[in-house]
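Below is one structure, written out as structure tokens; comments come after it.
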Amino acid sequence: MTRTVITTENAPALAAPLSQGIRVGPVLQVSGQLPLDPDTGEVVGTTVAEQTEQTLRNVTAVLEAGGAGLEDVVMLRVYLTDPAHLAEMNGAYAAAVGEPFPARTTVYMQLPPGLLVEVDALAVLND
């Protein structure tokens with residue numbers, strides 16, 4: 001199967017050696033997205049809710065560039081910097097993703113200063 005690199009100007013270009021997404025056959029993996037404005041590269045929001053909303057907009061932009069949508073996502077991984085942010089993130093996440101929810105893992109980790117959340121996605125398309 002062909003491995004296709006997915007890129008879009010509707011999600012931020014990341015200063016790391018990675019692709020925004022990779023598609024192989026019906027499987028699309030979206031790299032970890034951050035709460036960055038695609039046009040300016042600046043962090044969007046100071047709360048975990050605001051940052052979750054922007055991060056999921058970025059995930060959605062990469063999915064769409066790869067021919068998918070949130071309805072095709074089977075797994076989302078959420079990375080938070082503080083366990084105290086879980087409830088607030090869950091509220092923003094539920095509103096943005098909608099039911100039926102994909103499978104999800106939440107991990108706590110350190111991110112660069114000012115960043116509270118990162119999300120990656122795995123989608124399977126019906127082509």
Side-chain angles (χ1 to χ4, degrees):
M1 284 189 212
T2 303
R3 181 176 152 180
T4 304
V5 174
I6 306 301
T7 58
T8 179
E9 292 179 359
N10 296 322
L14 302 174
L18 54 83
S19 299
Q20 289 174 317
I22 294 288
R23 183 168 174 182
V24 178
V27 177
L28 171 58
Q29 176 66 54
V30 176
S31 289
Q33 296 296 305
L34 297 168
L36 303 177
D37 181 292
D39 296 325
T40 66
E42 298 294 320
V43 176
V44 173
T46 58
T47 69
V48 74
E50 293 167 326
Q51 290 195 13
T52 298
E53 291 165 3
Q54 181 61 46
T55 300
L56 289 169
R57 281 193 291 272
N58 294 340
V59 167
T60 300
V62 178
L63 287 167
E64 289 173 353
L70 282 172
E71 67 278 2
D72 299 304
V73 172
V74 296
M75 179 66 171
L76 282 165
R77 280 169 292 272
V78 177
Y79 304 88
L80 291 174
T81 59
D82 187 340
H85 292 156
L86 182 61
E88 185 180 350
M89 183 280 297
N90 274 335
Y93 174 95
V97 174
E99 294 186 41
F101 299 114
R104 187 182 96 192
T105 298
T106 303
V107 177
Y108 301 103
M109 62 176 282
Q110 185 173 0
L111 290 169
L115 298 175
L116 304 174
V117 64
E118 180 175 357
V119 178
D120 72 74
L122 178 66
V124 179
L125 290 78
N126 289 326
D127 319 300

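Under the 4.5 Å side-chain heavy-atom criterion for Ile, Leu, Val, Met, Phe, Trp and Tyr, L34 and V48 are members of distinct hydrophobic clusters. A single hydrophobic cluster is not seen to contain both V74 and F101; linkage of ILVMFWY side chains at heavy-atom distances under 4.5 Å, directly or through other members, places them apart. Linking Ile, Leu, Val, Met, Phe, Trp and Tyr whenever their side-chain heavy atoms come within less than 4.5 Å puts Y108 and V119 in one cluster.
Expressed to the nearest 0.5 Å, how far CZ of R57 lies from CG of D37 amounts to 9.0 Å.
Without hydrogens or angle criteria, R23 side chain to G66 main chain gives a donor-acceptor distance under 3.5 Å. In terms of modelled atom types and a separation under 3.5 Å, the side chain of Q20 and the main chain of V59 share no donor-acceptor contact. Distance alone, capped at 3.5 Å, is enough to place a donor-acceptor pair between the N58 side chain and the L36 backbone.
Legend: residues meeting side-chain contact (heavy atoms from CB on, under 4.5 Å) with L70, ordered by chain and number and at least two apart, are T60, L63, V73. Residues forming a side-chain hydrogen bond (donor to acceptor under 3.5 Å, both in side chains) with Q33 (at least two apart in sequence, or on another chain): none. Qualifying side-chain hydrogen bond (donor to acceptor under 3.5 Å, both in side chains) partners for T47, counting only residues two or more places apart in sequence or in other chains: E50.
Scanning both residues, V62 and I6, for their nearest heavy atoms gives O-CG2, 3.6 Å. Looking at every heavy atom in both residues, G114 comes nearest to V43 through O-CG1, 3.8 Å. Considering all non-hydrogen atoms of both residues, Q54 and P38 come closest at NE2-CD, 3.9 Å.
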For residues 8-18, which side-chain N or O atoms pair as donor and acceptor with protein atoms under 3.5 Å away, sequence neighbours left out?
residue: T8; atom: OG1; partner: N10; partner atom: N; Å: 3.0

For residues 75-82, tabulate all N or O donor-acceptor pairs below 3.5 Å that involve a side-chain atom, not counting sequence neighbours.
residue: R77; atom: NE; partner: D120; partner atom: OD1; Å: 2.8
residue: R77; atom: NE; partner: D120; partner atom: OD2; Å: 3.3
residue: R77; atom: NH2; partner: Q29; partner atom: OE1; Å: 3.4
residue: R77; atom: NH2; partner: D120; partner atom: OD1; Å: 2.7
residue: Y79; atom: OH; partner: D120; partner atom: OD2; Å: 2.9
residue: D82; atom: OD1; partner: A84; partner atom: N; Å: 2.8

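Among pairs with a residue in residues 83-99, those fulfilling side-chain hydrogen bond (donor to acceptor under 3.5 Å, both in side chains) read N90-R104, at least two apart in sequence or across chains.
Side-chain contact between D72 and V124: absent, with no pair of heavy atoms (C-beta onward) separated by less than 4.5 Å. The side-chain heavy atoms of S19 and T7, taken from C-beta on, include no pair separated by under 4.5 Å.
Heavy-atom neighbours of M109 CE from other residues, nucleotides or ligands within 6.0 Å: above the threshold of 12.
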